[in-house]
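Accompanying notes for the structure given below.
Small disclaimer: the values here were computed from a predicted structure and weren't measured. First listed ligand is number 1; within each ligand, the first listed atom is number 1.
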Amino acid sequence: KKAKIYIDKNFVIDKVDNRLFGSFIEHLGRAVYTGIYEPDHPKADEKGFRKDVIDLVKELNVSIVRYPGGNFVSGYNWEDGVGPKEKRPKKLELAWRSLEPNEFGTNEFMKWCKLVNTEPMMSINLGTRGTDEARNFVEYCNFPGGSYFSDLRKQHGYNDPHNIKVWCLGNEMDGPWQIGHKTALEYARLAEETAKVMKLVDPNLSLVASGSSGWHIPTFGEWEATVLEHTYDYVDFISLHAYYDNYENNIENFLAKSIDMDSYIKSAVAACDYVKGRKKTNKTIYISFDEWNVWFHSRKEDEKVEPWQIAPPLLEDVYTFEDALLVGLMLITLLKHADRVKIACLAQLVNVIAPIMTRKGGGAWRQTIFYPFMHASNFGRGTVLQPVVSVGTYDTKDFKGVPFVDAVPVFNEEKSELTIFAVNRAQDKMEFDCELKGFEDYSVIEHIILENNDLKAVNTEDNPDNVKPHNNGNARNEGGKVKANLSPLSWNVIRLK
Ligand code: AHR
């Protein structure tokens, strides 16, 4: 099979917002406790943070981390997680029906963000709570001092304000499962008033309105229009969430699911611009795709987990090689929408549907999906160029005209590097020709490939390198072009300088 990609330095989509390579830590299962925080672990630092996990998070170069939820946040009282640890209450956590010890809270999270060199993205509870708690929380986090809540922060040992810029106005408020679920109008008005008041405390906030929890939910579109009709002046983003599965064990259809993500983004952008048109404003609302991943392996097991445990094993998907391919395709999709998607969070980061796994008291290892994220995050910063790919297509149960190859080029001007990310969806080898305009003097420095004969191959603590990339790809300069072979069903990173 053959594919051709045409790349022109002048055909720019947009600069990549670094926050496209974000992730998510929720108080859910073992994400926090025995994930990023485990005080009696041999590798924990004096604050209780696991250093082995910190090292892996740094490898991913995660730019922003959403916290503390997710569904969790809709029943969370932020006050429970600050102040002396011995005084913090142990509470019933209703979203995941666990016990929450509150040993870890906002200040611990902020410390951890500094250690992994990432920006926080704080979500607030608009399920059981509202405007008053939100404005107090912003005062606690961001006000320099001389007021009740800012002085409380100082008393807790944090003299300087945290200056958290990005805040999510609730989580998946359209979903019937959400604690404090609301109609579009109920949420829109609450988000509007809360946003207004939060910005009175700190005008520099960048706010994310809660969009639909998925685009197949019947209220999609109408929800976005109603929410933005009310919140347009106060927010910069609307959130999107999507998780994909391969229950039917159909690789062709599974790998086509990034097309669903692409259509979802286009539809959400249309909903944003519909309101923009109605309001006759120049302000553009951007997309925060703040939950995306593959999620299905653990769902049956989770039904068996006893409630009211501290940090039970929940959502511990063990990712296969084929999952890594879809994650790569989703990264390509996000990059192609760099003009409108400015924040994206791989959900989640550690143990819970995550690229990093840990064992309590034991090791930490990289799941298969770690690699495409790491490559995109490290080599995908710069400017996305419009890819024109000429390749054959195939049809599946749910999708028509699925291209065998999906690819996107990112030009990093500072480093004078061009990186082409490409997934070969075909089960045969693909001859891949790149026609480059404006990069005539560039030559291949590396061709990284993630490939495996076994689509279901996984990494475990005992076999952590079962699925890992190599850089023996054959991308080469030939007759003014770059030519490469893409292995059957593979993730490719072709780097030129
Ligand atoms: O990421 C897991 C859960 O998925 C989140 O808590 C929720 O927002 C979504 O439904």
> Counting from 1, what ligand 1 atoms have a heavy atom of Glu172 closer than 4.0 Å?
Replying inline: 7 (C), 8 (O), 9 (C), 10 (O)
> What protein heavy atom sits nearest atom 2 (C) of ligand 1, and how far away is it?
Replying inline: Gln348 NE2, 3.5 Å
> For ligand 1, which atoms have a heavy atom of Glu26 less than 4.0 angstrom away?
Replying inline: 5 (C), 6 (O)
>> Parallel, tilted or perpendicular: which one describes the rings of Trp491 and Phe421, with boundaries at 30° and 60°?
In response: parallel
>> Taking the ring centre of each residue, are Tyr140 and Trp78 less than 6.0 Å apart?
In response: yes
> Just heavy atoms, cut-off under 4.0 Å: does Val352 contact ligand 1 by side chain, backbone, both, or neither?
Replying inline: neither
>> If you take the centroid of each ring, where Trp contributes its six-membered ring, are Tyr187 and Trp223 closer together than 6.0 Å?
In response: yes
>> Closer than 4.0 Å to some heavy atom of Gly70 - which atoms of ligand 1 meet that?
In response: 5 (C), 6 (O), 8 (O)
>> Give me the atom names and distance for the closest heavy-atom approach of Gly81 to Tyr76.
In response: CA-OH, 3.7 Å
> Are any of the side-chain heavy atoms of Phe143 and Asp202 separated by less than 4.5 Å?
Replying inline: no
> Which is closest to atom 1 (O) of ligand 1 in terms of heavy atoms, Trp177, Tyr243, Trp96, Phe72?
Replying inline: Tyr243
> Can you check salt bridge (charged side-chain N to carboxylate O under 4.0 Å, His left out) on Asp454 and Lys456, steps first, answer last?
Replying inline: CA-CA 5 Å; Asp454 178 5; Lys456 307 294 180 193; over 6 Å; no
> Nearest to atom 3 (C) of ligand 1, what protein heavy atom do you find, and at what distance?
Replying inline: Glu291 OE1, 3.8 Å
> Which ligand 1 atoms, with their elements, are less than 4.0 angstrom from a heavy-atom of Ile353?
Replying inline: 1 (O)
>> With side chain to side chain contact (heavy atoms under 4.5 Å, CB included) as the criterion, how do Val458 and Tyr319 come out once you've worked through the C-alpha distance, each side chain's angles and the decisive distance to 0.1 Å?
In response: CA-CA 6 Å; Val458 297; Tyr319 287 113; over 6 Å; no
> So is Trp295 polar-close to ligand 1, meaning N/O to N/O under 3.5 Å?
Replying inline: no
